[in-house]
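When reading the values below, keep in mind they use all heavy atoms of this one structure, side chains included, and skip hydrogens, waters and symmetry mates. Below, chain A is the first sequence line, B the second, and so on; all start at residue 1. Given the structure is predicted, the values throughout are model-derived calculations rather than measurements.
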2 protein chains.
Amino acid sequence: MSPAARRATIIDVAERAGVSRQTVSRAMNDQPGISAATRERVLRAARELSYRPSRFGRGLVEQGPVTLGLVVLDLSNSYYAELGAAMARACAPAGWNMVLVEVGNTPDPEVAAAELARRVDSLVGYGVLGGEISGDVGMPVVRLDGRPSETDRGGVVELAPAAAIAELADHLREAGTRRPLVLDLVGGPLADRPLALAAALRSLHEDGEVPIWEVEARTGHRAVLEEALASGADALLAFNDELAVRLLRTLREMGVDVPGDVRLVGADGLEIGSLVSPELTTLSIDIDEVARQTVSLVAAMLEGGAPLTGDGAHRVVPYRLEVRASA
Amino acid sequence: MSPAARRATIIDVAERAGVSRQTVSRAMNDQPGISAATRERVLRAARELSYRPSRFGRGLVEQGPVTLGLVVLDLSNSYYAELGAAMARACAPAGWNMVLVEVGNTPDPEVAAAELARRVDSLVGYGVLGGEISGDVGMPVVRLDGRPSETDRGGVVELAPAAAIAELADHLREAGTRRPLVLDLVGGPLADRPLALAAALRSLHEDGEVPIWEVEARTGHRAVLEEALASGADALLAFNDELAVRLLRTLREMGVDVPGDVRLVGADGLEIGSLVSPELTTLSIDIDEVARQTVSLVAAMLEGGAPLTGDGAHRVVPYRLEVRASA
DNA sequence: GTGAAAGCGCTAACAG
DNA sequence: CTGTTAGCGCTTTCAC
């Protein structure tokens, strides 16, 4: 019974104002059929009790909007931040709400995701939904940038770079590139994309093999770049745009001309790539399209139009090669 | 009675599986005290009915987490995107959920905000919460970048640039700046920050008055910059970092040296400013601190430790001058 | 203009 | 191991 012990309910307000719950409801929701005086009295009582209607009680009877939970690793990474923004935008037309959760610094990401799963109507994750969570429980679960084989555990929106990478290979070949070099981020296993890049560019490398070097995300770039240039590299393929932009800056500080001395290619297609000079050539993914496809897949799952797992729960969004000044 | 007419409830599943609601609940929540066979039977029935537990029914009895609604104008603006990310991060430690809504393209932003208000425990807005919505209903409402005078309608987290602007004035004076020029974005009324900048720098301008020019966000920069330089401007103060970065690129294309020929200052402190070269000197706001202050204010309001309106509902986060290479 | 009754879907506590 | 009972807080009928 202590003041903060229990949140006030509609009944507390009704008692205090000396009216029925109905009347309180009418007052709180600006509904007609209530005298101004009564309304005032009710609102005062509500204020005095710090009463806030429970969104659960309300949702129960009103059928709230579909809520989509988005789980990402690290929102300070602008790629994920843009994804979150894109998803929110894609949810809006359908009247859906999106709950955004970052689990990168959580002790147990899986637990955090499972907890969120209980609070939403569908779960979308990017690189963070392990095996535990799946469409088993009847809830749509979608993995972004998942592999086709993962459809047994839920929906998958695949980001397919193959065509764009092939196009890039052609582009670099025509440009006379003979010693491309892939720069991956250290930590974690070799990512798919760098591997695919190296494989696709093999045919145009003098040595018949494209080296993959690992670099820190934010430091030590100068030494690596000096070594790379000394090795004769004439095209650098960065893991993502953020790394590419950092490399670009370091190259400029070193007095190296891009693309004159060395070509530079990023990946992701973040806005930042078009704000630097020279503008970044990049393997670009249309993040808004990814978001739209995801929402449409989830919607189909909710309506029963798409299965929760299997081939029918699979969408593909291709990368595009965005040729700009840097390569 | 059509298949999609009504979502299956726990009762439907119970009937189909020939068990009680409780048993269904136990099966769905992986609780102990249920035989493997029964669980399997229940889960199958649930799957057949596309049953998903209602988060409202659940929340009603379980007391869901605090939910904070964040309303922003335009998530494709990286400033708002970073804010959204920061808020999500600030909510995490308290176990709160954040619902992110963009209202820029909505016919009626106020309606969208009001609708969200019914679904969350507290509402935070950046430049989008008009007069209608206020702390009246007992719900914490916080305006980011609000003015102190707006505390009569809810909480305010003020972003205070005065000290940093004064510091910038000193810095530019020492650097010998004599003709600063403020570049605001066209559209909308003159923003506070450009006005404050112009006022603070007046004393160091030869003419005793700092001009404020308006430019498009993304186009026509070259003409404006040529005119600016022709007018003798030796320091450009951009409305925000994004504009500053675009100006920087155009200046480089024009062969103008920054900061040699002209100094350039941005505002906001987005990551992008530190990725270009020269790195951007900027009036920087610690967006994570803004988010933390906001969450802490909302938390206090929910607990009754802070009033919903008035002086007690006011927090201030100062800008910092981030001196880097561009000025 | 106001109140009473009914029910939204779920889970905790207890009984069997 | 399973079922029964009793709410959670709210809004929508329908009476008065």
Side-chain angles (χ1 to χ4, degrees), chain A residues 5-43 45-46 49-67 115 117-121 137-139 302, chain B residues 5-43 45-46 49-67 115 117-121 137-139 302:
Chain A
R6 193 177 54 88
R7 203 169 121 175
T9 76
I10 198 172
I11 297 192
D12 301 320
V13 178
E15 277 174 3
R16 177 157 194 132
V19 298
S20 73
R21 302 146 32 133
Q22 253 14 274
T23 304
V24 175
S25 180
R26 282 190 269 256
M28 296 303 296
N29 295 310
D30 266 334
Q31 281 170 1
I34 178 176
S35 75
T38 310
R39 160 169 295 136
E40 202 34 65
R41 187 153 41 93
V42 170
L43 290 180
L49 294 173
S50 304
Y51 167 70
R52 284 170 292 125
S54 149
R55 68 173 187 284
F56 295 114
R58 210 169 238 172
L60 204 50
V61 43
E62 278 184 353
Q63 299 285 37
V66 172
T67 298
E115 211 153 278
R118 296 179 64 83
R119 309 283 164 217
V120 298
D121 301 310
V137 288
M139 179 167 54
L302 287 175
Chain B
R6 194 178 53 87
R7 203 169 120 174
T9 77
I10 197 171
I11 297 191
D12 302 320
V13 178
E15 278 174 3
R16 176 157 195 133
V19 298
S20 72
R21 301 147 31 134
Q22 208 34 245
T23 302
V24 175
S25 179
R26 282 191 269 255
M28 296 303 296
N29 296 309
D30 266 333
Q31 281 171 3
I34 178 176
S35 73
T38 310
R39 158 169 296 135
E40 202 35 65
R41 188 153 40 92
V42 170
L43 291 180
L49 294 173
S50 305
Y51 167 70
R52 283 170 292 124
S54 149
R55 67 173 187 284
F56 295 113
R58 211 169 238 174
L60 205 50
V61 45
E62 278 185 351
Q63 300 285 33
V66 171
T67 298
E115 211 152 277
R118 295 178 65 83
R119 308 283 164 217
V120 298
D121 301 308
V137 287
M139 180 168 55
L302 287 175

Taking the side chain of A/Ser20 as heavy atoms from C-beta outward, which of C/dG3, C/dT11, C/dA6 is closest to it? C/dG3
Please determine if a side-chain N or O atom of B/Thr23 lies less than 4.0 Å away from the OP1 or OP2 oxygen of D/dG3. yes
Check the phosphate of C/dG9 against B/Thr9, side-chain N and O only, distance under 4.0 Å to OP1 or OP2. Yes or no? no
Distance in Å, A/Arg7 CZ paired with B/Leu302 CG, rounded so as to fall on 0.5 Å steps: 8.0 Å
With a 4.0 Å cut-off on heavy atoms, is B/Ile10 in touch with a base, just the backbone sugar-phosphate, or nothing at all? base
Can you name the closest pair of heavy atoms from A/Arg55 and B/Pro65 and give their distance? NH2-O, 2.9 Å
Minimum-distance nucleotide (side-chain atoms of B/Thr38 versus D/dC1, C/dG9, D/dT12): D/dC1
Testing C/dG9, D/dT11, D/dT2 for proximity to the side chain of B/Ile34, the answer is D/dT2
Between B/Arg39 and B/Gln63, name the one whose nearest nucleotide on DNA chain D is closer to the 5' end. B/Arg39
Side chain of B/Ser35 - closest among D/dG9, C/dC10, D/dC1: D/dC1
What's the separation between atom CE in B/Met28 and atom CZ in B/Arg21, rounded to the nearest 0.5 Å? 15.0 Å
Grab the CD-P distance between B/Glu15 and C/dG9 for me, whole Å please. 13 Å
For A/Leu60 and D/dG9, give me the distance from atom CG to atom P, rounded to whole Å. 12 Å
Using modelled atom types and a 3.5 Å cut-off, is there a donor and acceptor pairing between side-chain atoms of A/Arg39 and backbone atoms of A/Gln31? yes
Counting heavy atoms from C-beta on, name the nucleotide in C/dC10, D/dC10, C/dT11 closest to the side chain of B/Gln22. C/dT11
Side chain of A/Arg118 (C-beta onward), nearest among C/dT11, D/dT11, D/dC1: C/dT11
Gap between atoms CZ and C1', on B/Arg58 and C/dC10 respectively (whole Å): 8 Å
Could you tell me whether the side chain of B/Arg21 has a donor or acceptor atom within less than 3.5 Å of a complementary atom in the base of C/dT11? yes
Mapping B/Gly33 and A/Phe56 to their closest nucleotides on DNA chain D, which lands nearer the 5' end? B/Gly33
Between D/dG3 and B/Arg26, counting only base atoms on the nucleotide and side-chain atoms on the residue, is there a donor-acceptor pair under 3.5 Å? yes
A/Gln31 side-chain proximity, nearest of C/dC8, D/dT12, C/dG3: D/dT12
Rounded to whole Å, please give me the gap between CG in B/Asp121 and P in D/dG9. 13 Å
A/Ile34 CD1 to A/Arg41 CZ distance, which is reported to the nearest 0.5 Å: 8.5 Å
